[in-house]
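Throughout, protein chains are lettered first and strands after them, A, B, ... in sequence-line order, and every chain is numbered starting at 1.
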Amino acid sequence: MNFLQPIGRMLLTFLATAGRLTLFTADAVSHVFRPPFYLRILGRQMIDIGYYSLPVVGLTAIFAGMVLALQSFTGFSRFSAEGAVANVVVLSITRELGPVLAGLMVAGRIGASLAAEIGTMRVTEQIDALTTLSTNPMKYMVAPRLVAGVVMFPFLVLVADIIGVFGGYLVAVHRLGFNGANYLQQTYDFLAAEDVNSGLVKAAVFGFIVTLMGCYHGYHSRGGAQGVGTATTNAVVSASILILCFDYVLTEMFFTK
Amino acid sequence: MSQSQPKISLENVHKAFGRKVVLDGLSLDVGVGESVVVIGGSGTGKSVMLKCILGLLHADSGSILVDGEQVIGSNTETRERINHKFGMLFQGGALFDSLPVWENVSFGLLAEKRVNRDEAKELAISKLAQVGLVAEVADLSPSELSGGMQKRVGLARAIAADPEVIFFDEPTTGLDPIMADVINDLIVKTTREVGATALSITHDMASARKIADRVAMLYEGKIIWAGPVADIDHSGNEYVDQFINGRAEGPIQMAVRA
């Protein structure tokens, strides 16, 4: 029966982690709505998450749009349906690739940085110091980062949508010989508000996931540099998996509507 | 509140992590205005004791009273009220990397909105002067400071709100002997100036002799001896004798293999 022991241990560890994460989330969210509010930190986080992620998100989006235009042209030309390239690019970018790629890229940048920063604060007793200075660490560190993530991710995805569509336009017009005005008109005609909105809702959820995972793993890191390294890895891996998981759940919700 | 009531009173405090018992019925009183130093080897539970008083860890059982008010099992409001009386100098300084020195020093006052930012900076500079640091240090980042300067900034932060009790966690660890003595002098001076009660933990006997009115020795989760610092060299306790003389032979056996 020894083979059952590791399975049981894994199950118990999973349940304990799920419980800890649930309590952490509830505590963090409750502090979002209770004063005092640290607006200076919120502003700094919004700039860090929103503004400084723009190059990463922009580069990812433009190349995704360019590749998408080339690939869809290759596929559709087999059915003489090359005209659908603009439609496919704009739909794929706004509904799927914009939020998911931006989410994954920012999970690497912000999730890792949050986990490393908060993890270092944990192992150097800075979080304990906050408590002794009558400051709740959840309110001071976690709540502003969650709000910044939820607010700034949709902004990033909106930028990613525009740049991604522009990438598709560049390839379609300059590489595949499409008429620029026609391409843009087709994009505009085919695009529905719901396509963009569903992407923005996804972005807000992904922003919450990325910042929550970064804060949670950083907050619970133990054991010096190695512990901080593990927390950073766990933050990025768990945020990436949860983004893909919730992407399906949200797509299913919007799909059935 | 009676005059004889201790500022901090620990009674039969227990704390275990899983099967590992760290505090095993610890009892200790710290009088008002007194400076008590708890000595003991690494891993004997000195830091755990401090963290239980500060509310950073929850004791499993026993009683911890601050001005007669129970800490164990207290609600958030009580905990915050009690923590307002405390200042703490952490072993590694625990300065906030993301903030300049002056914001570190006046962090508690700013967080409670007791002062505006201009007043906070002015106050931080005066507290830095109290620990022998010039005003120019105020705008530096903690990473630009030496270990001794970081300790001083940590001390300035600990006294910034004029606390009633100051805790010192290994205040001289990692410092050269001269800087350690400077920090010891500053601890004595600032604690007197603020008029605070002090509870320190250390295994540095030079530090203990300098800053303590009374010394208590922690061993296997209990206080095994406590008395005035002048009595420590003739305590009549073989554990204390071995520890203060730093001898490998004696009743305290370290968990190492030859």
Crowding at CZ, A:Phe246 (>12 non-hydrogen neighbours, <6.0 Å): no
B:Glu193 atom CD: more than 12 heavy-atom contacts under 6.0 Å: yes
When the side chains of residues 47-66 of chain B are checked against the rest of the protein, which donor-acceptor pairs come out under 3.5 Å, sequence neighbours left out?
unit_1	atom_1	unit_2	atom_2	d
B:Asp60	OD2	B:Ala16	N	2.7
B:Ser61	OG	B:His14	ND1	3.4
B:Ser63	OG	B:Gln70	NE2	3.2

From A:Met141 atom CE to B:Ser98 atom OG, the distance as rounded to the nearest 0.5 Å: 10.5 Å
Flag if over 12 foreign heavy atoms under 6.0 Å of CZ, B:Phe17: yes
Minimum heavy-atom distance between B:Ala94 and A:Ala129, given as atom pair plus value: O-CB, 3.9 Å
pair A:Thr132-B:Phe167: side-chain heavy atoms closer than 4.5 Å: no
B:Phe96 vs A:Leu130 side-chain heavy atoms within contact, under 4.5 Å: yes
More than 12 heavy atoms from other groups under 6.0 Å of OH on A:Tyr38: yes
Any side-chain heavy-atom pair of A:Asp128 and B:Met88 under 4.5 Å: no
Proximity breakdown for B:Leu95 and chain A, heavy-atom pairs closer than 4.5 Å: backbone
CD (B:Glu122) with more than 12 external heavy atoms under 6.0 Å: no
Distance-only polar pair, side chains of B:Asp97 and A:Gln126, donor-acceptor under 3.5 Å: yes
Considering all heavy atoms, the nearest B:Glu80-A:Ser134 contact: O-OG, 4.4 Å
Proximity breakdown for A:Thr135 and chain B, heavy-atom pairs closer than 4.5 Å: side chain
Proximity breakdown for B:Ile82 and chain A, heavy-atom pairs closer than 4.5 Å: neither
Atom CZ of A:Arg222 with >12 non-hydrogen neighbours under 6.0 angstrom: yes
Side-chain heavy atoms of B:Arg117 within contact of A:Arg40, under 4.5 Å: yes
